[in-house]
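Take a look at the structure below.
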Amino acid sequence: MKLSVIGCGYLGAVHAAAMASIGHEVVGIDVDESKIATLSKGLAPFFEPGLQEILEEGIASGRLSFTTDMSAASGAKVHFIGVGTPQQKDGYAADLTYVNAAVDGLLPYLAPGDIVAGKSTVPVGTAANLAERVTPTGATLVWNPEFLREGFAVQDTVDPDRLVAGVPAGEEGETAADILREVYHPSVAKNTPFIVTDYATAELVKVSANAFLATKISFINAMAEIAEVTGADVTQLADAIGHDARIGRRFLGAGIGFGGGCLPKDIRAFSARAEELGRGESVNFLREVDAINLRRRDRAVELVVDALGGTVFEKKVAVLGAAFKPHSDDIRDSPALDVAVRLKGLGADVVVTDPAAIENAKRVHPQLTYNEDLDETLRDADAVIVVTEWDEWRRELAPEHAASLVANTIVVDGRNCLDAAAWRDAGWTYFGMGRP
Ligand code: UGA
């Protein structure tokens, strides 16, 4: 099928390449000329495992192309909207400027029977508004939220755990859902749940999924706070409650909390939208979820300061991590970088290393010192703090070797990802988050 994808950021670029990889003819469209130039060469503009390969393949096959020219969308049967919905500069609500611009820009190129499939994360009610603009062209708007995780984006797009299609009522909606089934034919063939809903439900599925994940993380981080004043170990607690299938162990990783381009802004936008709907109280807990999350960054900084006797001034602190999570170079709302910046603000001589995110981090926080070499980052450090759980230090860094490089064997494990016993055995004073 001929498809267009408007917006070639994380969501759009991966979606375009993934759709070409399952046999469609896809044009990706974005206003950013340099991004389009990079993608057109078959190069991934950001770090995402597997993306480079499917971009190269798609371009070589002739099925995948990128352009800044919106008219290239004409002739496509389905037009995916994958532009960003960042947090507004002066509030919690989502900024819909890019979604509106994408839909308005597309209108002249729509033909009767086309499908406009919104994938961006939007406040509930957005699709109904957009449909008023799309319907007069004879095209149908559907809302088809995306649940991909960065770091697993290609796999999550090609083989998602569920598909959701919010469609208008009646035959028009049924036809639109069938066209989406054709688009996602490999998933449909393997009986991946395909859930057809109205617009509002589809929009809410997306934000409530992210709100639930954020809540789960903040729940365990709240337990970490209690563990810290009782001597309990939150990691064992998570293991023990996680064995209950109703609870589950995933997303119960206590540490410096969640960040990234989605969870933080999505829970805030959800709160703002609920307020507008007169139901702010229904999701009041999300403000608490946010507050718990941000407190864990303070706690990580406090652990370093306390371990160094009350001040980090002119002390070298090796910060292991900058990305908001491993397998990503994304530093948007990264708790890791926030901790680094706060330590720097307290006068520490901060050196940050990360296997993928240094270039991005440098652009936003040029005041920090970066070193690509792990050993050099650790050399003569007065304290080490792990803030992104990359395998490079989780599995591959031997505590004995690290001890031979630093000035002081103090390690704060901001992600509870190190083998505490092994580090202690190698002579380190180990501090976890919510662990004795
Ligand atoms: C999240 C959702 O997981 C995806 O399903 C969703 O599609 C995506 O947002 C989106 O809306 O686009 P992502 O932002 O890639 O995906 O990252 P996650 O894997 O959810 O991690 C978010 C943050 O939570 C990271 O900072 C991670 O370190 C943190 N986290 C995760 C924890 O602190 N503890 C955990 O146990 C798990």
Side-chain angles (χ1 to χ4, degrees), residues 7 9-15 46-49 82-87 94 119-122 144-157 160-164 203-224 234-235 237-239 241-242 247-270 289-290 292-297 299-300 321-339 354 357 386-390 394 413-417 432-434:
Y10 251 108
L11 172 56
V14 173
H15 194 69
F46 45 81
F47 176 94
E48 183 61 49
V83 294
T85 51
Q87 186 177 330
K119 295 200 82 64
S120 309
T121 302
V122 292
N144 173 220
E146 180 58 57
F147 306 103
L148 66 80
R149 300 158 296 166
E150 289 181 20
F152 302 91
V154 172
Q155 178 195 324
D156 286 351
T157 307
D161 52 15
R162 80 285 209 191
L163 289 154
V164 174
E203 293 165 318
L204 276 172
V205 167
K206 171 67 196 191
V207 287
S208 61
N210 277 1
F212 190 84
L213 294 172
T215 303
K216 215 173 162 188
I217 299 168
S218 277
F219 175 85
I220 202 65
N221 279 330
M223 296 306 106
V234 76
T235 307
L237 182 152
D239 290 342
I241 64 171
I247 297 173
R249 181 63 173 84
R250 295 174 77 187
F251 273 67
L252 285 184
I256 57 168
F258 60 81
C262 303
L263 263 43
K265 73 144 171 92
D266 287 354
I267 60 168
R268 292 172 195 156
F270 196 7
V289 164
D290 204 0
I292 294 165
N293 191 52
L294 296 174
R295 278 207 299 271
R296 298 318 286 162
R297 304 177 186 187
R299 173 65 182 160
F324 84 107
K325 67 171 189 181
H327 314 293
S328 172
D329 65 356
D330 197 344
I331 52 141
R332 286 177 293 171
D333 209 337
S334 169
L337 261 186
D338 195 17
V339 166
D354 189 284
V386 174
V387 280
T388 313
E389 67 277 34
W390 285 98
R394 198 162 67 98
D413 184 1
R415 292 292 186 180
N416 290 343
C417 63
M433 304 284 293

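Since the structure is predicted, the reported quantities are computational estimates derived from the model, not experimental observations. Counting starts at 1 for both ligands and their atoms, in listed order.
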Quick test: of every protein heavy atom, which one is nearest to [atom], and how far off is it to 0.1 Å?
{"atom": "atom 3 (O) of ligand 1", "answer": "L213 CD1, 3.5 Å"}
{"atom": "atom 26 (O) of ligand 1", "answer": "F324 O, 2.8 Å"}
{"atom": "atom 7 (O) of ligand 1", "answer": "L148 O, 2.7 Å"}
{"atom": "atom 20 (O) of ligand 1", "answer": "F251 CZ, 3.3 Å"}
{"atom": "atom 30 (N) of ligand 1", "answer": "I217 CD1, 3.4 Å"}
{"atom": "atom 24 (O) of ligand 1", "answer": "F258 CB, 3.2 Å"}
{"atom": "atom 19 (O) of ligand 1", "answer": "K325 NZ, 2.9 Å"}

Is there any N or O on [X] that sits under 3.5 Å from an N or O of ligand 1?
{"X": "N210", "value": "yes"}
{"X": "F147", "value": "yes"}
{"X": "G260", "value": "no"}
{"X": "L263", "value": "no"}
{"X": "E150", "value": "yes"}
{"X": "G253", "value": "yes"}

*Any Lys/Arg nitrogen of K119 or E146 sitting under 4.0 Å from an Asp/Glu carboxylate oxygen of the other?*
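Result for this pair is yes, salt bridge flagged.
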
_Any salt bridge linking D290 with R268? Criterion: basic side-chain nitrogen under 4.0 Å from a carboxylate oxygen._
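A salt bridge is present here (some side-chain N lies under 4.0 Å from a carboxylate O).
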
Per-atom contacts of ligand 1 with [X], taking only distances under 4.0 Å to non-hydrogen atoms:
{"X": "R415", "answer": "28 (O), 33 (O)"}
{"X": "G257", "answer": "26 (O), 33 (O)"}
{"X": "L252", "answer": "36 (O)"}
{"X": "E146", "answer": "7 (O)"}
{"X": "C262", "answer": "8 (C), 9 (O), 10 (C), 11 (O), 12 (O), 14 (O)"}

Mark the output for [X] as yes if a heavy-atom distance to ligand 1 is under 4.0 Å, and as no if none is.
{"X": "K216", "value": "no"}
{"X": "G259", "value": "yes"}
{"X": "K206", "value": "yes"}

*Give the contacting part of R250 toward ligand 1: side chain, backbone, both or neither, where contact means a heavy-atom distance below 4.0 Å.*
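No part of R250 comes within reach of ligand 1.
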
*Which bit of D156 is near ligand 1, meaning a heavy atom under 4.0 Å away: side chain, backbone, both or neither?*
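Within the 4.0 Å criterion, D156 makes no contact with ligand 1.
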
Below 4.5 Å, heavy atoms only, C-beta onward: do [X] and [Y] meet side chain to side chain?
{"X": "P335", "Y": "R415", "result": "yes"}
{"X": "L213", "Y": "K216", "result": "no"}
{"X": "E150", "Y": "H327", "result": "no"}
{"X": "W390", "Y": "C417", "result": "no"}
{"X": "T121", "Y": "F270", "result": "no"}
{"X": "R299", "Y": "N221", "result": "no"}
{"X": "I220", "Y": "L237", "result": "yes"}
{"X": "C262", "Y": "Y10", "result": "no"}

_Under the criterion side-chain contact (heavy atoms from CB on, under 4.5 Å), I'd like the reasoning laid out for L263 against I267: C-alpha separation, chi angles, the key distance, then a yes or no._
CA-CA 6 Å; L263 263 43; I267 60 168; 5.7 Å; no

*Apply salt bridge (charged side-chain N to carboxylate O under 4.0 Å, His left out) to R149 and D161, showing your working.*
CA-CA 12 Å; R149 300 158 296 166; D161 52 15; over 6 Å; no

*Applying side chain to side chain contact (heavy atoms under 4.5 Å, CB included) between V387 and each of L337, I256, D354, report the one that passes.*
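Considering L337, I256, D354, a side chain to side chain contact (heavy atoms under 4.5 Å, CB included) with V387 is found only for I256.
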
_Pair F219-I247, side-chain contact (heavy atoms from CB on, under 4.5 Å): steps then yes or no_ = CA-CA 12 Å; F219 175 85; I247 297 173; over 6 Å; no

